[in-house]
> 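Can you read through this structure? Questions will come right after.
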Amino acid sequence: MSKTLIRGAKVLGGEPQDVLIEDDGTIGAVGRGLEAPGAEVVEARGSVLLPGLVDLHTHLREPGREDSETVLTGTRAAAKGGYTAVHAMANTFPVADTAGVVEQVWRLGKESGYCDVRPVGAVTVGLEGKQLAELGAMHDSAAEVRVFSDDGKCVDDAVIMRRALEYVKAFDGVVAQHAQEPRLTEGAQMNEGTVSAELGLAGWPAVAEESIIARDVLLAAHVGSRVHICHLSTAGSVEIVRWAKSKGWDVTAEVTPHHLLLTDELVRSYNPVYKVNPPLRTEADVMALREALADGTIDCVATDHAPHPHEDKDCEWGAAAMGMVGLETALSVVQHTMVDTGLLDWAQVADRMSHRPAAIGRLEGHGRPLEPGEPANLVLLDPAYRGQVDPAGFASRSGNTPYEGRELPGRVTHTWLRGRTTVVDGTLV
């Protein structure tokens, strides 16, 4: 690996500077007028340089559903989106509820080489919510699991949730909750509200999310542990998390890009690409989520990248699978909804998409300052770019994007993983 000199990059959106990447994969220098004879030169021309993005919520599907995604294709998609680390959710086949399965996923990530893969361990055996999984064994494994989640299903039993929070406290782990009261969402197809009533589709009430969040922040406070709220989607959920944080409780939360932009009005098309869990909410919810991400109530953006083969989406609404791909469009959606609207600057984007998710996942070497001596996990973004989303160009094995044909800003031109280039001029290396 040779040295690389990035010329004229707006580091965290500031004034243009040069950044030297040493041949050992670290940042050697940051400043103006840097010289590095023999180094490969990348002319940034005012593009924005950020730390490599970190996703707390990615579905890589392997093992078991390689028809929709694999660790290799998913990490290639991540690199194209500017990510240098992703957390792979546990709802695979078999479920990642043992040391053996999480180590398999971790090793597949090491072999892919496009970004670091940190497996998320299941909270309960088989995601069935009845018995705690091997939390300690997964933590002690080579994968060093620190985040546990039954995502796709809620840990709805309060006793099981309490025991999980107590268990992970011993090694500074975190339980990431998919907040969905199952009895309130039986047969639900979309957000419960005016649109669901007009369409005659079974509604998914906001309280089904909010009641679980309220319970879990109280449980976390009671046992003195960490709880993380996955894909928070309602204005009421924001208020509960804000209240919990005001108490000083160790509660964090994420929001997806699609919940920052899309609303339940899109379901009027009956296009299953808009079917997702939790469902698209109202315009008022979207605005509340944006404000909460801006003021720090919501800690980070997580993609909930959920690839599906076309047959699982190219069908009638009721039969369609829930989920959207998001790794390759996340940064563009955040630019569109948060930066171009003046709610966040680029340094704050780095905080919400790199620093904080890395801290929540206790992920070393990522989310670090762009300073000499730090790992060169970097992404270069051209914010002036405008283009239509075309899933035919995705690296993901699936193309179930809600943004097909929509014009979005920003384009990742380069990604570096510990100084090694994974994306050049928007193309995978």
> Quick check for you: to the nearest 0.5 Å, what is the distance between T415 atom OG1 and L53 atom CG?
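It comes to 8.0 Å.
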> Does D18 have any side-chain hydrogen bond (donor to acceptor under 3.5 Å, both in side chains) partners at least two apart in sequence or in another chain, and if so, which?
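So D18 forms no side-chain hydrogen bond (donor to acceptor under 3.5 Å, both in side chains) with any residue.
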> May I ask you to say whether R107 pairs ionically with E103, meaning some side-chain N is under 4.0 Å from a carboxylate O?
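E103 and R107: salt-bridged.
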> Take K245 and D299 through the salt bridge (Lys or Arg N to Asp or Glu O under 4.0 Å) test and state the conclusion after the steps.
CA-CA 11 Å; K245 288 191 170 191; D299 297 84; 2.7 Å; yes
> Please determine whether side-chain hydrogen bond (donor to acceptor under 3.5 Å, both in side chains) holds for the pair H305 and D55, giving the CA-CA distance in whole Å, both sets of side-chain angles, and the decisive distance to 0.1 Å.
CA-CA 9 Å; H305 175 79; D55 192 14; over 6 Å; no
> Is it the case that E181 and S211 place a side-chain donor and acceptor less than 3.5 Å from each other?
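Checked: E181/S211 side chains show no N/O donor-acceptor pair below 3.5 Å.
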> How close do E15 and R32 get, heavy atom to heavy atom, and via which atoms?
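For E15 versus R32, the nearest heavy atoms are CB-NH2, 3.3 Å.
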> Which heavy-atom pair separates V11 from V19 by the least distance, and what is that distance?
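Scanning both residues completely, I find the closest heavy atoms to be CG2-CG2, 3.9 Å.
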> Using the test side-chain hydrogen bond (donor to acceptor under 3.5 Å, both in side chains), find all partners of E210 that sit at least two apart in sequence or belong to another chain.
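side-chain hydrogen bond (donor to acceptor under 3.5 Å, both in side chains) check on E210 returns T234.
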> Are side-chain N/O atoms of S149 and Q177 paired as donor and acceptor at under 3.5 Å?
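Side-chain D/A pair, S149 to Q177: absent.
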> For the residue pair L417 and T84, what are the closest heavy atoms and their distance?
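L417 and T84 have their closest heavy atoms at CD1-O, 3.6 Å.
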> Salt bridge between R65 and D67, side-chain N to carboxylate O under 4.0 Å?
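Yes, this pair counts.
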> Indicate yes or no: does R146 engage E364 in a salt bridge with an N to O separation below 4.0 Å.
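Judged by the 4.0 Å cut-off on N to carboxylate O distance, R146 and E364 do not form a salt bridge.
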> Which residues pass the ring pair (Phe, Tyr, Trp, His ring centres under 6.0 Å) test with H259, not counting sequence neighbours?
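With neighbours one apart ignored, the set is empty.
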> Between F171 and Y167, how do the two ring planes meet: parallel, tilted or perpendicular, split at 30° and 60°?
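Answer is perpendicular, since the angle exceeds 60°.
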> Between E166 and R163, does any NZ, NE, NH1 or NH2 come within less than 4.0 Å of an OD or OE carboxylate oxygen?
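Counted as a salt bridge, because a side-chain N and a carboxylate O are separated by less than 4.0 Å.
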> Flag the pair E374 and R368 as a salt bridge only when some basic side-chain nitrogen lies within less than 4.0 angstrom of an acidic carboxylate oxygen.
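So E374 pairs with R368 through a salt bridge.
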> Would you mind telling me which of H178, H57, E254 makes a side chain to side chain donor-acceptor pair (under 3.5 Å) with H231?
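Of the listed options, the one satisfying the test is H178.
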> Considering all heavy atoms of both residues, which atom of G82 and which atom of V379 are nearest to each other, and what is their separation?
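In this case the closest contact between G82 and V379 is CA-CG2, 3.5 Å.
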> Compare every heavy atom of V227 with every heavy atom of D216, then report the nearest pair and how far apart it is.
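Nearest heavy atoms, D216 then V227: O-CG1, 4.1 Å.
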> Please name the pair of heavy atoms, one in V105 and one in E62, separated by the smallest distance, quoted to 0.1 Å.
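Looking at all heavy atoms of both residues, the shortest contact is CG2-O, 3.7 Å.
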> With the threshold set at 4.0 Å, does a side-chain nitrogen-carboxylate oxygen contact exist between E22 and K3?
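Salt bridge present between E22 and K3.
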